[in-house]
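Here the structure is a predicted model, which means the values were calculated and not measured. Computed over heavy atoms, backbone and side chain alike; hydrogens, waters and symmetry mates excluded. We count residues from 1, following the sequence as given.
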Amino acid sequence: MKSIAPYGAYDHVRCEECGYESFRSPAAAIAAHLYENDTDYCDDLTVASTHEDLILWHHRNAVEFLRSRYPSGNAAVLDVGCFNGFFVKKLLSLGFDAHGIDFNTRAVAYGQKALGLGPRVSSLSVDQCIARGKRFDVITLFEVLEHVPAVRPFLENVLKLLKDDGVIIISTPNNNMCWRPPLDYPPHHLSRFTIASLNACLSGLGMKSLYAAEQMSTYELVRHYLGTFFRAKDRSSLRGGEFKCERITTGLRRGMNRLRGTANLLLTPVDKGLHRLGIRYISQIIVAGR
């Protein structure tokens with residue numbers, strides 16, 4: 001690992017071989033209150049008109065893979081870091097036996113009540129799930145690993161919940177993205193991954209890659225970039241400052257959510273062309289099995 005310029009109190013190191021980056025600090029830890037009380041994460045609970053508004057590129061890729069592997073939906077799925085359980089609800093609608101855990105008790109409570117998920121989502125820890133003895137056909141980790149201070153021990157623990165013939169689906173921001181948004185820095189993100197680094201990590205844990213893909217979304221790029229102009233940089237938020245003029249930005253965000261599907265469809269030729277040129281934004285996904 002090569003040391004590069006520190007970021008505040010965080011040491012910053014990079015693997016030149018696989019492109020993995022880590023921000024290290026003695027004080028680095030996952031604190032539930034940071035997310036429960038963060039304005040962006042709180043807003044996400046109410047800005048989305050339906051759970052479908054929170055379904056992104058990596059979720060759609062995961063659904064496509066799951067429906068091809070388990071066409072009858074006969075699979076038990078655990079979504080680790082499920083937020084309010086929107087993906088759990090999506091999978092339930094497709095016939096899967098889906099459950100989710102997240103340490104954000106506010107988001108979990110919202111999902112239990114507003115999304116009607118009840119005990120299917122909870123604030124159980126991975127260790128508590130292991131103690132209960134239930135194992136799953138599929139474990140999903142969408143945009144979770146980048147928040148974790150110690151990635152390998154965390155993944156080792158998560159894999160204890162996976163059946164011997166099960167698969168794990170992981171998505172993270174792509175370290176090779178063409179523009180880096182303010183959210184991709186500590187304390188929000190503590191690691192940056194490439195497909196190569198995710199594959200190396202999983203291989204070291206006895207897993208074999210079954211599928212991998214990198215996203216190029218002009219829509220998300222423009223949306224995230226323009227969003228920086230609506231944020232108050234002097235206020236606290238894990239994603240780069242609270243939104244100014246909340247009533248206006250909430251309306252804009254809801255409108256953008258509704259436009260996402262149509263905009264991505266219209267921009268497909270542009271995205272494919274940029275992808276061929278090696279341009280990426282923002283996510284990536286990898287599926288692995290034993």
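- In this model, no donor atom of one side chain and acceptor atom of the other lie less than 3.5 Å apart for Arg106 and Asn84.
- The aromatic rings of His147 and His189 sit perpendicular, their planes meeting at an angle over 60°, well past the 30° parallel limit.
- The CZ atom of Arg69 sits 14.5 Å away from atom OH of Tyr211, with the distance rounded to the nearest 0.5 Å.
- Side-chain N or O atoms of Asn104 include none that pairs as donor or acceptor with a backbone N or O of Phe83 at under 3.5 Å.
- Under 4.0 Å is where a charged nitrogen must lie from a carboxylate oxygen, and between Asp164 and Arg135 at least one such pair does.
- What you find for Gly81 and Val144 is that their closest heavy atoms are CA-CG2, 4.0 Å.
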### Task
Determine, stepwise, if the pair Ile282 / Leu221 fulfils side-chain contact (heavy atoms from CB on, under 4.5 Å).
CA-CA 7 Å; Ile282 176 176; Leu221 174 60; over 6 Å; no
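- One distance of note links CG of Leu78 with CZ of Arg120; it measures 12.0 Å at 0.5 Å rounding.
- Salt-bridge check for Lys89 with Glu52: failed, with every basic side-chain N at 4.0 Å or more from each acidic carboxylate O.
- For the atom pair CZ (Arg260) and CE (Met256), the distance works out to 8.5 Å, reported to the nearest 0.5 Å.
- Between His12 and Tyr7, the ring centre distance reaches or exceeds 6.0 Å.
- Defined by atom type and a distance below 3.5 Å, a donor-acceptor pair is present between the side-chain atoms of Ser72 and Asn74.
- Side-chain contact between Met207 and Leu159 is present, with at least one heavy-atom pair separated by less than 4.5 Å.
- At least one donor-acceptor pair closer than 3.5 Å links the side chain of Gln112 to the backbone N or O of Val121.
- Gly19 and Thr194 get closest at one heavy-atom pair: O-CG2, 3.8 Å.
- Residues His224 and Tyr281 come closest through the heavy atom pair ND1-OH, 2.7 Å.
- Heavy-atom neighbours of Glu64 CD from other residues, nucleotides or ligands within 6.0 Å: at or below the threshold of 12.
- The closest side-chain heavy-atom distance from Arg132 to Leu124 is below 4.5 Å.
- Of the possible donor and acceptor atoms, none in the side chain of Asn199 sits under 3.5 Å from a partner among the backbone N and O of Ile195.
- Taking the side chain as every heavy atom from C-beta outward, Phe154 and Leu141 approach each other to under 4.5 Å.
- Leu226 and Leu266 are not part of a single hydrophobic cluster, where members link through side-chain heavy atoms under 4.5 Å apart.
- No side-chain donor-acceptor contact under 3.5 Å links Asp97 to the backbone of Ala76.
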### From CA spacing to verdict: side-chain contact (heavy atoms from CB on, under 4.5 Å), Asn175, Arg180
CA-CA 8 Å; Asn175 197 24; Arg180 197 171 304 282; 2.9 Å; yes
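- Using a 4.5 Å cut-off between side-chain heavy atoms of Ile, Leu, Val, Met, Phe, Trp and Tyr, with links allowed through other members, Val47 and Leu252 fall into different hydrophobic clusters.
- Of the candidates Val287, Val158, Leu202, Ile139, Leu202 is the only one forming a side chain to side chain contact (heavy atoms under 4.5 Å, CB included) with Ile170.
- Residues Phe142 and Leu56 are members of separate hydrophobic clusters, defined by side-chain heavy-atom contacts under 4.5 angstrom among Ile, Leu, Val, Met, Phe, Trp and Tyr.
- More than 12 heavy atoms of other residues, nucleotides or ligands shown are found within 6.0 angstrom of CZ on Arg290.
- The side-chain heavy atoms of His51 and Leu117, taken from C-beta on, include no pair separated by under 4.5 Å.
- Using a 4.0 Å cut-off between charged side-chain N and carboxylate O, Asp11 and Arg24 make no salt bridge.
- Between Thr46 and Thr250 there is no side-chain heavy-atom pair separated by less than 4.5 Å.
- Counting heavy atoms of neighbouring residues, nucleotides and ligands inside a 6.0 Å radius, atom NZ of Lys113 does not exceed 12 of them.
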### Task
Starting from the C-alpha separation in whole Å, work towards a yes-or-no answer on side-chain contact (heavy atoms from CB on, under 4.5 Å) for Met177 and Asp184.
CA-CA 11 Å; Met177 68 181 80; Asp184 199 31; 3.8 Å; yes
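- No side-chain heavy atom of Phe96 sits under 4.5 Å from any side-chain heavy atom of Lys90.
- The distance from atom OG of Ser283 to atom CD of Glu220, rounded to the nearest 0.5 Å, is 9.5 Å.
- Looking only at atom types and distance, the side chain of Thr140 has a donor-acceptor partner in the side chain of Asp79 under 3.5 Å away.
- Side chain of Arg280 to backbone of His275: a donor-acceptor contact under 3.5 angstrom is found.
- The closest side-chain heavy-atom distance from Leu145 to Leu198 is below 4.5 Å.
- Linking Ile, Leu, Val, Met, Phe, Trp and Tyr residues whenever their side-chain heavy atoms come within less than 4.5 Å places Tyr219 and Leu277 in a single cluster.
- The backbone N or O of Leu183 sits less than 3.5 Å from a side-chain atom of His188, completing a donor-acceptor pair.
- A donor-acceptor pair under 3.5 Å links the side-chain atoms of Ser123 to the main chain of Asp102, judged by distance alone.
- One distance of note links SG of Cys129 with CZ of Phe136; it measures 6.0 Å at 0.5 Å rounding.
- When all heavy atoms of Leu92 and Ala98 are compared, the pair lying nearest together is CD2-N, 3.9 Å.
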### Task
List the steps, then state whether side-chain contact (heavy atoms from CB on, under 4.5 Å) holds for Phe87 with Leu54.
CA-CA 8 Å; Phe87 189 67; Leu54 296 172; over 6 Å; no
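- Looking at Val148 and Leu190, their side chains never come closer than 4.5 Å, going by heavy atoms from C-beta outward.
- Of the charged side-chain nitrogens involved, none lies within less than 4.0 Å of a carboxylate oxygen, so that Lys160 and Glu156 do not count as a salt-bridged pair.
- Proximity of a side-chain donor or acceptor of Ser122 to a complementary backbone N or O of Pro119 within less than 3.5 Å is not detected.
- Phe229 is connected to Trp179 through a chain of hydrophobic side-chain contacts under 4.5 Å among Ile, Leu, Val, Met, Phe, Trp and Tyr, so both are in one cluster.
- Counting only N and O atoms by type, the side chains of Ser49 and Asn257 include no donor and acceptor under 3.5 Å apart.
- By the 30° and 60° cut-offs, the orientation of the rings of His59 relative to Phe86 is perpendicular.
- Put simply, the residue from Val167, Ile168, Leu162 that forms a side chain to side chain contact (heavy atoms under 4.5 Å, CB included) with Val138 is Val167.
- Residues Cys201 and Val151 come closest through the heavy atom pair SG-CG1, 4.4 Å.
- For the atom pair OG (Ser191) and CD (Glu21), the distance works out to 9.5 Å, reported to the nearest 0.5 Å.
- In this structure a side-chain-to-backbone donor-acceptor pair under 3.5 Å is present from Thr268 to Leu265.
- Between Ile285 and Ala62 the shortest heavy-atom distance is CD1-N, 4.1 Å.
- Judged by distance alone, with hydrogens and angles left aside, the side-chain atoms of Gln284 form a donor-acceptor pair with the main-chain N or O of Pro173 at under 3.5 Å.
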